[in-house]
Chemist: 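Got a structure here, written out as structure tokens. Questions coming.
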Amino acid sequence: MICIRCGRDIKYKDRTNRTCPGCKQQFAFEPRQGDPVTDMLFRKAINAVSSDGSIRWGVEHLYYEVCRRKRGNRAPRVVVFVLVGLTAFVVTLSVLLRSPFVYFLTFVIGVATVAAVASRLKGPFVPIDLETFNRLWSRWRDAHGKPGQLIERAPEQPVPTDLEKDIGDYSFDRAVICDRARTVDLLVANNFHFENNCAILSIDGYPKRPFQTIKKMLKRNPRLQVFVLHDATLAGCRLAHRLVTDPEWFGGSGLRVIDLGLRPRHAGPFRGLLLHGEGVRLNDEDGIRPDEAEWLSKYKLELAAARPEQVLKRLFAGLRAHADDDPRTGSTAGAVTYCGAFDVGGYAGDGEVSAAAGAAGDGGADAFG
């Protein structure tokens with residue numbers, strides 16, 4: 001195993017008490033003693049979620065990155081078909097020719113076929129449970145310290161009275177509403193709100209101090225563009241519909257809300273990073289299509305499974321693609337536009353449905369690029 005501090009490749013018998021004999025520093029993990037990761041894998045995962053230290057990230061992103069590196073790669077379906085065909089051919093050839101070389105070739109192709117088929121049969125769920133990851137994370141910090149660019153939420157400070165008054169007079173062009181506070185933390189920590197002149201809030205009232213002030217300000221702006229960013233969960237997929245129907249938000253204002261995802265159709269490339277769903281059959285209502293309800297009864301997909309850099313880029317692309325849209329529908333009934341910011345190519349089309357319809361329309365490819 002390679003020491004990430006001094007670069008030496010240390011054999012197991014020389015790693016006494018998980019200590020490198022070269023630099024005398026401790027390893028956080030020992031695979032020979034049952035740890036599912038190495039120090040090198042963990043460091044590469046941190047480099048990936050931070051884009052080599054250029055982007056701030058949360059520990060939830062590291063969890064999914066470690067799972068991503070442990071799930072392995074799935075062989076393309078065409079490769080599996082070709083290997084199965086080759087296996088059948090060489091088996092037939094070996095029976096006919098009885099050649100040692102053909103026997104060897106049959107064995108090699110057979111092993112490759114089994115490996116390819118096994119990769120396709122891997123389950124859709126995370127390979128490391130959260131409890132195990134938390135133990136690994138604690139040991140990493142003990143051995144290597146806190147990584148740079150990690151987002152840690154500080155206690156909120158009271159908003160000064162004069163500043164709160166100024167906020168009420170300010171006007172944002174756009175608002176991004178999220179289903180969880182950690183997504184707000186990611187966007188704010190990377191200055192997305194400053195660079196794109198947009199308010200960023202979570203549906204459950206975060207950040208708490210300025211939440212009500214900013215929410216009132218948003219409702220006063222007749223030209224406000226509203227975007228939602230959420231997990232592929234029951235509550236997340238209903239978020240946009242809630243915003244256009246709930247009087248506490250934009251209900252009755254005739255506002256158009258743009259849903260950027262994630263939705264079940266974006267789950268393809270995240271196989272091996274899914275969580276278990278509700279476990280019961282859901283009704284297709286409040287912005288949920290029948291096929292989405294079926295998927296959500298079995299699975300969940302958190303936005304944190306996407307690398308932070310991709311979330312920032314895709315959100316920016318979604319805002320830019322709708323920069324010239326009319327935010328009003330022309331009636332008191334709001335509408336939800338389901339766009340493809342998380343589809344292949346970044347933006348693959350969209351569909352629209354009125355709030356009264358209670359079902360989601362969408363367009364574009366069914367994958368996250």
Side-chain angles (χ1 to χ4, degrees), residues 171-181 183-184 187 193 196 198-206 211-266 282-293 296 303 314-315 318-343 347 349-364:
S171 177
F172 289 105
D173 297 328
R174 294 171 288 269
V176 177
I177 311 298
C178 308
D179 61 336
R180 62 168 65 210
T183 305
V184 176
L187 301 178
H193 55 314
N196 295 278
C198 65
I200 301 175
L201 301 173
S202 72
I203 191 71
D204 58 356
Y206 181 80
F211 178 80
Q212 289 299 336
T213 301
I214 295 177
K215 183 179 175 182
K216 291 177 182 177
M217 178 200 69
L218 296 177
K219 294 179 71 173
R220 288 199 303 264
N221 186 351
R223 302 299 301 171
L224 178 73
Q225 286 189 314
V226 178
F227 301 82
V228 295
L229 188 65
H230 57 83
D231 297 341
T233 60
L234 179 61
C237 291
R238 286 177 174 166
L239 178 57
H241 185 272
R242 176 179 171 183
L243 292 177
V244 299
T245 56
D246 188 347
E248 291 298 315
W249 283 92
F250 308 108
S253 67
L255 185 74
R256 175 179 287 107
V257 173
I258 300 168
D259 188 333
L260 299 177
L262 294 169
R263 301 194 73 86
R265 67 193 179 97
H266 298 130
L282 305 172
N283 295 325
D284 49 307
E285 58 184 16
D286 297 342
I288 306 290
R289 294 188 326 194
D291 60 318
E292 291 182 317
L296 290 168
L303 185 67
R314 299 288 176 152
L315 179 56
L319 267 62
R320 184 175 58 182
H322 288 274
D324 298 324
D325 286 8
D326 185 348
R328 296 289 163 172
T329 62
S331 70
T332 57
V336 178
T337 295
Y338 298 87
C339 92
F342 282 84
D343 288 312
Y347 193 74
D350 50 49
E352 183 175 310
V353 62
S354 68
D362 57 47

Chemist: Does the Lys NZ or Arg CZ of Lys219 fall within the cation-pi geometry relative to Trp249 - under 6.0 Å from the ring centre and within 45° of the axis?
Modeler: no
Chemist: Any heavy-atom pair between the side chains of Phe227 and Ile258 that's under 4.5 Å?
Modeler: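 Ile258 vs Phe227: side chains touch.
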Chemist: Would a distance-only check, ignoring hydrogens and angles, find a side-chain to backbone donor-acceptor pair under 3.5 Å from Asp179 to Asp231?
Modeler: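 Checking the backbone N and O of Asp231 against the side chain of Asp179, a donor-acceptor pair under 3.5 Å is found.
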Chemist: Walk me through it: do Leu187 and His193 pass the test side chain to side chain contact (heavy atoms under 4.5 Å, CB included)?
Modeler: CA-CA 7 Å; Leu187 301 178; His193 55 314; over 6 Å; no
Chemist: Applying side chain to side chain contact (heavy atoms under 4.5 Å, CB included) between Ile177 and each of Val184, Leu243, Leu229, Ile200, report the one that passes.
Modeler: Leu243
Chemist: Taking the side chain as C-beta and beyond, is there a heavy-atom pair between Arg263 and His230 under 4.5 Å?
Modeler: yes
Chemist: How close do Val228 and Ala240 get, heavy atom to heavy atom, and via which atoms?
Modeler: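 Result for this residue pair: CG2-CB, 3.9 Å.
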Chemist: Side chain to side chain contact (heavy atoms under 4.5 Å, CB included) between Gln225 and Asp325: does it pass, once the steps are laid out?
Modeler: CA-CA 8 Å; Gln225 286 189 314; Asp325 286 8; 3.8 Å; yes
Chemist: Looking at side-chain heavy atoms only, is the closest gap between Phe172 and Asn221 below 4.5 Å?
Modeler: no
Chemist: Please report the shortest heavy-atom distance between Cys198 and Ala175, naming the atom on each side.
Modeler: CB-N, 4.4 Å
Chemist: Compare every heavy atom of Ser202 with every heavy atom of Phe211, then report the nearest pair and how far apart it is.
Modeler: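 Heavy atoms of Phe211 and Ser202 come nearest at CE1-O, 3.3 Å.
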Chemist: Is there side-chain contact between Val226 and Arg174, with heavy atoms separated by less than 4.5 Å?
Modeler: no
Chemist: For Asp259 and His241, does a side-chain donor sit closer than 3.5 Å to a side-chain acceptor?
Modeler: no
Chemist: Mind running side chain to side chain contact (heavy atoms under 4.5 Å, CB included) on Leu218 and Leu201 for me, showing each step along the way?
Modeler: CA-CA 11 Å; Leu218 296 177; Leu201 301 173; 4.0 Å; yes
Chemist: Could you state the interatomic distance from CZ (Arg314) to CG (Leu319), rounded to the nearest 0.5 Å?
Modeler: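 Rounded to the nearest 0.5 Å, the CZ-CG separation comes to 14.5 Å.
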Chemist: Which atom pair, heavy atoms only, marks the closest approach of Asp291 to Arg289?
Modeler: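 Result for this residue pair: OD2-NH2, 2.6 Å.
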Chemist: Do the non-hydrogen side-chain atoms of Pro264 and Leu296 ever get within less than 4.5 Å of each other?
Modeler: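 Yes - at least one pair of side-chain heavy atoms lies under 4.5 Å apart.
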Chemist: Is a donor on one side and an acceptor on the other found under 3.5 Å between the side chain of Arg256 and the backbone of Thr337?
Modeler: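 Checking the backbone N and O of Thr337 against the side chain of Arg256, no donor-acceptor pair under 3.5 Å is found.
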Chemist: Working to the nearest 0.5 angstrom, can you tell me the gap between Ile203 CD1 and Asp246 CG?
Modeler: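 Atom-to-atom, Ile203:CD1 and Asp246:CG are 7.0 Å apart.
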Chemist: Using every non-hydrogen atom in the two residues, find where Ile214 and Ala199 come nearest and quote the distance to one decimal.
Modeler: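 It is CG2-CB, 3.8 Å.
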Chemist: Search all heavy atoms of Thr183 against all heavy atoms of Cys178 and return the closest pair with its distance.
Modeler: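 The answer is CG2-SG, 3.7 Å.
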